[in-house]
A.B. asks: 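Questions regarding the structure given below will be posed in turn.
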Amino acid sequence: MSPFTRAIVAALTLFAAIASAHADAPARTAAPAPWSAGFTLEKNGETLQVLDAQGHVVVGGLEGFFPNARYALLLRQSQWGVLRADGHILLAPEYARVEHLPESQLFEVCRDANERCGLVDMDGRIVVPMDNARITGVWVTQTPWVVERDGRSGAFDPATRRWVVPQAQAEIRVGAGMLMVKREPDSPWQVLDRRGAAIAGIPPASDWQVWEEGMRIMGAQGMFDATGKAWVPAGRYDAIAPQGDTAVVSTRTGQGLINAQGRQVLPPRFLLIEPLESAHLGWKRFVEGEHWDARRVGVMDAQGLVILPARWDGITLDLADTARGRRNQLIFQVERDERLGVLDAAGNTLFPPRFDSASTIAYGSVMYLVSEDGRQGLCNFASGHCPIPVQFERIQQVDDSEAGQSLFVVTQDTRSALYTEQGQVVMPLQPGLIALSTASDDLHVLEVTLTQGSEQRTLRLQVLAGVWQVQAPGHAPAQ
């Protein structure tokens with residue numbers, strides 16, 4: 001079945017099963033309630049068509065027909081349109097993109113994929129002409145929406161169907177119940193309410209930032225809400241920056257944390273407070289010390305409670321997979337005296353700082369290739385165990401994703417061996433070099449070459465009963 005035919009069949013399955021008909025008659029099905037009585041969908045050769053109660057074609061030549069209670073999206077020759085449930089064609093299928101915006105009962109319509117966009121209502125009236133580069137914010141709850149055209153932006157309120165800021169601005173940002181507007185690229189931000197009126201008490205500034213979680217804007221001029229109330233007055237801090245559930249403040253004595261009411265969570269005594277990798281639960285890395293060369297690094301949660309005390313030169317967080325789900329295994333890599341160690345989520349030491357380097361074998365894996373004093377190994381950073389001891393000159397991962405179990409070639413003193421990531425010895429150390437050979441025709445078999453001087457041998461590797469086995473071509477696996 002061709003992709004085109006599959007698309008037709010998929011569209012038909014959106015309705016009740018097509019009623020049985022004579023072999024020479026077109027297949028028809030009633031359009032779903034609450035569509036007007038008598039509308040039917042008919043398969044006409046390789047396309048679909050919609051018929052009214054009198055059997056007249058309302059729209060035809062369709063590749064897809066995707067209805068809901070009030071309208072149906074039409075697909076014809078890779079172009080989209082809209083048919084209302086009463087049979088009125090709101091948009092002929094001649095647009096590159098059509099998206100229904102249910103909260104506003106509008107359609108975003110683009111003549112090109114993401115250009116020449118506008119807004120059309122449920123009566124087919126053009127609310128915003130289709131000559132805009134983009135419309136930003138249509139899928140978020142905050143309004144108005146930012147509409148860009150010819151390098152200039154305006155703010156459009158879908159609820160009142162009017163422009164609250166003319167489409168003549170260099171830049172507009174929407175957040176925390178406010179609008180930040182730049183008239184020209186080098187202008188300061190003007191802060192307006194959602195109706196486009198200036199908020200009394202908030203001065204223009206170039207460094208305003210939106211703090212969504214706290215519903216505030218902030219900068220050197222202070223911290224304000226959408227009513228213009230100052231929660232932090234100007235001059236109290238040198239800088240304020242949003243950081244999740246709290247905000248980071250800076251003074252000459254260091255950095256600290258405040259909440260949305262401007263109350264101090266942590267005093268400004270830290271050299272640095274910054275988000276931890278992956279922004280996990282809003283956790284932050286903090287740095288203490290008299291100066292940077294004497295720094296001590298720790299981890300705190302979003303509310304400023306210490307998770308790992310500050311006693312390391314550096315800390316990074318990796319999120320690995322477990323059997324219970326993705327990205328829920330916490331691995332802290334800690335650094336001291338240019339050596340790496342590993343802590344678990346509770347701060348217990350799995351490996352003291354001993355490694356020169358460490359890199360995961362795959363995204364989300366708990367297995368890491370490590371090096372220590374010129375030797376390499378493979379260690380599990382969740383268990384604290386090294387299935388391949390850190391004693392080899394080199395370790396190379398063999399790409400055997402089809403076989404489903406990773407293999408590693410290790411070399412030491414001109415000898416090579418094969419290990420699994422669980423530490424199973426597939427081939428013990430022996431003279432020669434092992435390399436991945438031409439892929440086998442069998443997806444569950446790997447071929448490697450063992451080079452010993454001028455002689456080369458091809459070996460086949462296969463997982464049998466959950467264990468890697470080695471055989472030479474034409475021979476049964478070694479038991």
A.B. asks: Go through the steps for Asp157 and Arg194 under the test salt bridge (Lys or Arg N to Asp or Glu O under 4.0 Å), then give the verdict.
C.D. replies: CA-CA 8 Å; Asp157 185 354; Arg194 289 183 177 179; over 6 Å; no
A.B. asks: Check the orientation of Phe224 and Trp208. Use parallel for under 30°, tilted for 30 to 60°, and perpendicular for over 60°.
C.D. replies: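 Geometry flag for Trp208 against Phe224: perpendicular rings.
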A.B. asks: Just jot down the side-chain contact (heavy atoms from CB on, under 4.5 Å) partners of Pro275, sequence neighbours excluded, or say none.
C.D. replies: Gln243
A.B. asks: Does Thr420 reach the main-chain N or O of Gln422 with its side chain, forming a donor-acceptor pair under 3.5 Å?
C.D. replies: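 Judged by distance alone, yes, a pair lies under 3.5 Å.
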A.B. asks: Taking atom CZ of Arg236 as the centre, does the number of heavy atoms from other residues, nucleotides or ligands within less than 6.0 Å exceed 12?
C.D. replies: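 Buried by this count: over 12 neighbours within 6.0 Å.
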A.B. asks: Would the distance check show the side chain of Asp52 and the main-chain N or O of Gln54 forming a donor-acceptor pair, the cut-off being under 3.5 Å?
C.D. replies: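 Yes: the side chain of Asp52 pairs with the backbone of Gln54.
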A.B. asks: Please list, chain by chain and in numerical order, all residues satisfying side-chain contact (heavy atoms from CB on, under 4.5 Å) with Val265, sequence neighbours excluded.
C.D. replies: Thr246, Leu257, Asn259
A.B. asks: side-chain contact (heavy atoms from CB on, under 4.5 Å) with Asn348: which residues, sequence neighbours excluded?
C.D. replies: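 Partners of Asn348 under the side-chain contact (heavy atoms from CB on, under 4.5 Å) test: Asp344, Ala346.
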A.B. asks: Taking side-chain contact (heavy atoms from CB on, under 4.5 Å) as the definition, give me every residue that meets it alongside Glu277, ordered by chain and number, with sequence neighbours left out.
C.D. replies: Arg285, Thr316, Leu317
A.B. asks: Look at the side chain of Asp112 and the backbone N and O of Arg116, then say whether any donor-acceptor pair between them is shorter than 3.5 Å.
C.D. replies: no
A.B. asks: Less than 4.0 Å between a side-chain N and a carboxylate O, is that true for Arg173 and Glu171?
C.D. replies: yes
A.B. asks: Does the pair Arg134/Glu115 count as a salt bridge with the N-to-O cut at 4.0 Å?
C.D. replies: no
A.B. asks: With a 4.0 Å cut-off on N to O distance, would you call Asp123 and Arg84 a salt bridge?
C.D. replies: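 Answer for the salt bridge query: yes.
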A.B. asks: Keeping the roles fixed (side chain from Arg152, backbone from Ala168), state whether a donor-acceptor pair exists under 3.5 Å.
C.D. replies: yes
A.B. asks: Are Trp283 and Ile307 close enough that some pair of their side-chain heavy atoms sits under 4.5 Å apart?
C.D. replies: yes
A.B. asks: Give me the ring orientation class for Phe107 and Tyr71: parallel if the planes are under 30° apart, tilted from 30 to 60°, perpendicular past 60°.
C.D. replies: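 Ring orientation, 0 to 90° scale: perpendicular.
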A.B. asks: Is Asp318 reaching over with its side chain to a backbone N or O of Phe332, donor-acceptor style, under 3.5 angstrom?
C.D. replies: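 Pair absent, no side-chain N/O of Asp318 close to backbone of Phe332.
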A.B. asks: Sorted by first residue and then second, give each disulfide bond (SG atoms under 2.5 Å apart) pair with at least one member in residues 47-112; sequence neighbours left out.
C.D. replies: Cys110-Cys117
A.B. asks: Using only atom types and a distance under 3.5 Å, with no angle test, would you say the side chain of Asp225 pairs donor to acceptor with the backbone of Gly228?
C.D. replies: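 Flag set: sc Asp225 to bb Gly228 pair under 3.5 Å.
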A.B. asks: Give every residue pair that meets the disulfide bond (SG atoms under 2.5 Å apart) criterion with at least one member in residues 60-92, sequence neighbours excluded.
C.D. replies: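 Those involving residues 60-92 do not exist here.
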